[in-house]
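One-based numbering, in listed order, for ligands and for the atoms of each.
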Amino acid sequence: MVWKQFHCIVCDQPEERCTCHKYCALCHSDFGLRLTEDGQYYCVDCREACDYKTQDQG
Ligand SMILES: [Zn+2]
Ligand SMILES: [Zn+2]
């Protein structure tokens with residue numbers, strides 16, 4: 001499997017270099033945020049609810 005790096009939709013940087021003010025795109029929580037395939041950040045609850053994957057989850 002090819003490891004695919006996601007980029008922030010706002011600054012176009014990979015997650016570890018993104019310095020944007022981050023909050024969950026759905027509920028605006030800031031708990032357990034991770035970047036997902038669509039370039040937005042989601043909290044752990046919304047990612048589990050919507051089955052969004054982070055870049056290291058394939
Ligand atoms: Zn960013
Ligand atoms: Zn959320």
Can you classify the ring geometry of Y23 versus H28 as parallel (below 30°), tilted (30 to 60°) or perpendicular (above 60°)?
perpendicular

Do the side chains of Q13 and H7 get nearer than 4.5 Å, heavy atoms only?
no

Is the backbone N or O of L35 less than 3.5 Å from a side-chain atom of E15, with the two atoms forming a donor-acceptor pair by type?
yes

Atom SG of C8 and atom CD of Q40: how far apart are they, to the nearest 0.5 Å?
9.0 Å

Number of protein N/O/S atoms that sit closer than 2.8 Å to the Zn ion (ligand 1):
4

Tally, protein N/O/S atoms nearer to the Zn ion (ligand 2) than 2.8 Å:
4

Do you know which two heavy atoms are closest between C43 and F31, and how far apart they sit?
CB-O, 3.1 Å

Could you tell me which non-hydrogen atom of D38 sits nearest to which non-hydrogen atom of I9, and how far apart they are?
O-CD1, 3.9 Å

Answer yes when R47 and D45 have at least one side-chain N-carboxylate O distance shorter than 4.0 Å, and no when they do not.
no

Can you name the nearest heavy-atom pair linking F6 to T36, along with the distance?
CD1-C, 3.4 Å

Heavy-atom closest pair, residues L33 and C24:
CD2-N, 3.4 Å

